[in-house]
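Have a look at the structure below, then the notes.
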Amino acid sequence: MKDLFNLNGKVALVTGATHGLGMAMAKALAHHGATLVINGHTPSKMDAALADYKADGIDAHSYLFDVTHAAQVAENIEKIEKEVGPIDILVNNAGMIMRVPALEMDPEDFRKVIDVDLVSPFILSQAVGRSMVKRGGGKIINICSMMSELGRDTVSAYAAAKGGLKMLTKNLATEWAKYNIQVNGIGPGYFATEQTAPIRVDGHPFNDWIISRTPAGKWGDPEDLAGAVVFLSSKASDFVNGQILYVDGGILATIGKPKE
């Protein structure tokens with residue numbers, strides 16, 4: 001059974017892996033044997049991230065490029081495969097959110113969110129997928145969201161993108177399964193990250209709502225994603241395709257509890 005989850009000899013590219021959930025998933029892959037390649041677009045954040053990985057005993061390879069720019073993606077995928085090795089695992093994690101009421105959102109901002117959260121996973125998957133097709137196998141994991149299934153105030157662009165990403169995942173799985181490529185998604189719930197720290201305090205309305213809305217009664221720890229990403233990257237998931245694995249503490253399984 002241990003060999004089913006062994007990633008030794010595999011090259012994994014994780015986009016947006018300079019912080020937060022992307023970094024947590026990247027570390028999980030590295031600790032299970034994968035040679036790690038991380039992407040970002042800000043030099044200072046990349047430097048800090050590399051120091052963090054090194055402190056954790058991980059020798060990460062870093063590449064700075066814009067995931068929404070097809071030419072930059074193609075150029076860097078070619079460089080990675082020459083300098084590090086063929087990419088066996090792609091985790092499309094880079095993303096963004098703008099919290100703006102739908103009536104007030106500028107169409108250009110809407111397009112920007114779609115470009116980062118939906119178009120860039122297509123660009124990356126296409127660039128890496130060509131090589132995977134030639135080699136006869138690979139794993140692609142798209143980081144979706146609970147907003148792939150649900151709506152919420154002020155996140156119309158994000159929800160549209162993540163809903164589209166769910167269907168892109170299913171469609172790429174349909175097209176590429178014959179090449180032994182598995183394309184799946186992970187849908188994180190609400191996690192305790194640096195970004196959520198200001199609202200994760202007792203008495204904050206959003207904090208109290210999340211805890212009451214989540215059957216597990218708590219925020220997720222970034223490490224809670226480790227099992228999901230390793231499973232979907234490994235031989236253990238060779239017959240799993242086109243699925244979205246929601247790691248949400250049970251939120252999507254319930255309509256919630258009445259107020260006491």
Side-chain angles (χ1 to χ4, degrees), residues 13-26 38-42 44-46 49 63-74 76-77 90-129 140-172 183-191 193-199 206 209-210 220 222 225 229 244-248 251-252:
L13 168 61
V14 184
T15 66
T18 58
H19 62 283
L21 300 185
M23 177 178 279
M25 290 185 287
I38 61 171
N39 150 268
H41 61 84
T42 305
S44 59
K45 287 185 177 180
M46 183 64 80
Y63 290 80
L64 287 165
F65 60 92
D66 181 350
V67 293
T68 68
H69 194 289
Q72 285 188 34
V73 169
N76 280 274
I77 294 304
L90 168 65
V91 181
N92 282 313
N93 169 73
M96 68 174 298
I97 188 169
M98 289 187 182
R99 296 179 177 87
V100 183
L103 289 176
E104 300 171 17
M105 190 166 205
D106 188 300
E108 287 306 311
D109 286 338
F110 191 96
R111 289 189 182 97
K112 185 176 182 179
V113 174
I114 296 295
D115 207 26
V116 174
D117 292 352
L118 179 57
V119 179
S120 76
F122 172 76
I123 293 172
L124 266 295
S125 296
Q126 186 183 61
V128 174
I140 297 175
I141 302 166
N142 293 322
I143 305 307
C144 298
S145 165
M146 291 190 301
M147 299 303 106
S148 297
E149 302 289 346
L150 299 173
R152 201 184 118 207
D153 287 354
T154 76
V155 293
S156 58
Y158 182 79
K162 293 299 186 177
L165 187 56
K166 176 184 76 171
M167 295 313 300
L168 176 64
T169 300
K170 291 178 178 293
N171 206 83
L172 294 182
V183 186
N184 291 290
I186 295 174
Y190 290 95
F191 278 78
T193 64
E194 184 178 333
Q195 289 85 355
T196 61
I199 59 175
F206 194 80
W209 177 72
I210 290 301
L225 290 171
V229 75
I244 312 300
L245 175 54
Y246 290 99
V247 185
D248 65 356
I251 291 179
L252 289 176

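Each residue takes its place number in the sequence, starting with 1.
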Notebook entry, point to check: Looking only at heavy atoms, which two atoms of Val229 and Val91 are closest? And how far apart?
Noted result: CG2-CG2, 4.2 Å
Check: Hey, does Ser148 have a side-chain heavy atom less than 4.5 Å from the side chain of Ile244?
Finding: no
Next item on the list: Return the minimal non-hydrogen interatomic distance between Val14 and Gly22, and the atom names on each side.
Entry: CG1-O, 3.9 Å
Checklist line | Asn76 side chain to Gln72 backbone, donor-acceptor under 3.5 Å | finding: yes
Next item on the list: Decide yes or no for Asp117 and Tyr158: does some side-chain heavy atom of the first lie under 4.5 Å from some side-chain heavy atom of the second?
Entry: yes
Check: Which is it for Arg152 and Met146 under the side chain to side chain contact (heavy atoms under 4.5 Å, CB included) test, yes or no, and what are the steps along the way?
Finding: CA-CA 10 Å; Arg152 201 184 118 207; Met146 291 190 301; over 6 Å; no
Notebook entry, point to check: Which distance, rounded to the nearest 0.5 Å, do you find between the CZ of Arg111 and the CG of Leu118?
Noted result: 14.0 Å
Note to self: Taking the side chain as everything from C-beta on, heavy atoms only, tell me whether Ile38 gets closer than 4.5 Å to Met46.
What the structure shows: yes
Margin query: Counting C-beta onward and ignoring hydrogens, is there a side-chain heavy-atom pair between Met98 and Met105 closer than 4.5 Å?
Written below: yes
Notebook entry, point to check: Donor-acceptor pair, Asp66 side chain versus Thr68 backbone, under 3.5 Å?
Noted result: yes
Note to self: Working note: Ile186 + Val247, criterion side chain to side chain contact (heavy atoms under 4.5 Å, CB included); need CA distance, chi angles, decisive distance, verdict.
What the structure shows: CA-CA 7 Å; Ile186 295 174; Val247 185; 4.1 Å; yes
Margin query: If you define the side chain from C-beta out and look only at heavy atoms, does anything of Lys112 sit under 4.5 Å from Glu108?
Written below: no
Check: Can any side-chain N or O of Thr196 pair as donor or acceptor with the backbone N or O of Phe191 at less than 3.5 Å?
Finding: yes
Checklist line | Lys162 side chain near Leu165 side chain, heavy-atom distance below 4.5 Å | finding: yes
Checklist line | Sub-4.5 Å side-chain heavy-atom contact between Leu21 and Leu225 | finding: yes
Next item on the list: Look at atom CG of Asp106 and say whether more than 12 heavy atoms of other residues, nucleotides or ligands are closer to it than 6.0 Å.
Entry: yes
Next item on the list: Indicate yes or no for a side-chain donor-acceptor contact from Thr15 to the backbone of Ala94 under 3.5 Å, with no hydrogens or angles considered.
Entry: yes
Next item on the list: Output the distance between atom CD1 (Ile114) and atom CE (Met96), rounded to the nearest 0.5 Å.
Entry: 10.5 Å
Checklist line | Test item: Asn92 and Ser120 side chains (from C-beta on) under 4.5 Å apart, heavy atoms | finding: no
Next item on the list: Specify the closest pair of heavy atoms between Ser145 and Tyr246, including all atoms of both residues, with the distance to one decimal.
Entry: O-CE2, 3.4 Å
Notebook entry, point to check: Can you name the closest pair of heavy atoms from Ser125 and Ile140 and give their distance?
Noted result: OG-CG2, 3.7 Å
Check: Between NZ of Lys45 and CG of Leu64, what distance do you get to the nearest 0.5 Å?
Finding: 12.0 Å
Next item on the list: Could you pull out the closest heavy-atom pair between Thr18 and Met23, with the gap in Å?
Entry: O-CE, 3.3 Å
Item checked: side chain to side chain contact (heavy atoms under 4.5 Å, CB included) between Leu124 and Ile77, intermediate numbers included -> CA-CA 8 Å; Leu124 266 295; Ile77 294 304; 4.1 Å; yes
Next item on the list: Any chance you could lay out the side chain to side chain contact (heavy atoms under 4.5 Å, CB included) test for Thr169 and Cys144, step after step, and finish with the verdict?
Entry: CA-CA 9 Å; Thr169 300; Cys144 298; 4.3 Å; yes
Next item on the list: Can you spot which of Ile143, Asn39, Ile141 makes a side-chain contact (heavy atoms from CB on, under 4.5 Å) with Asn93?
Entry: Ile143
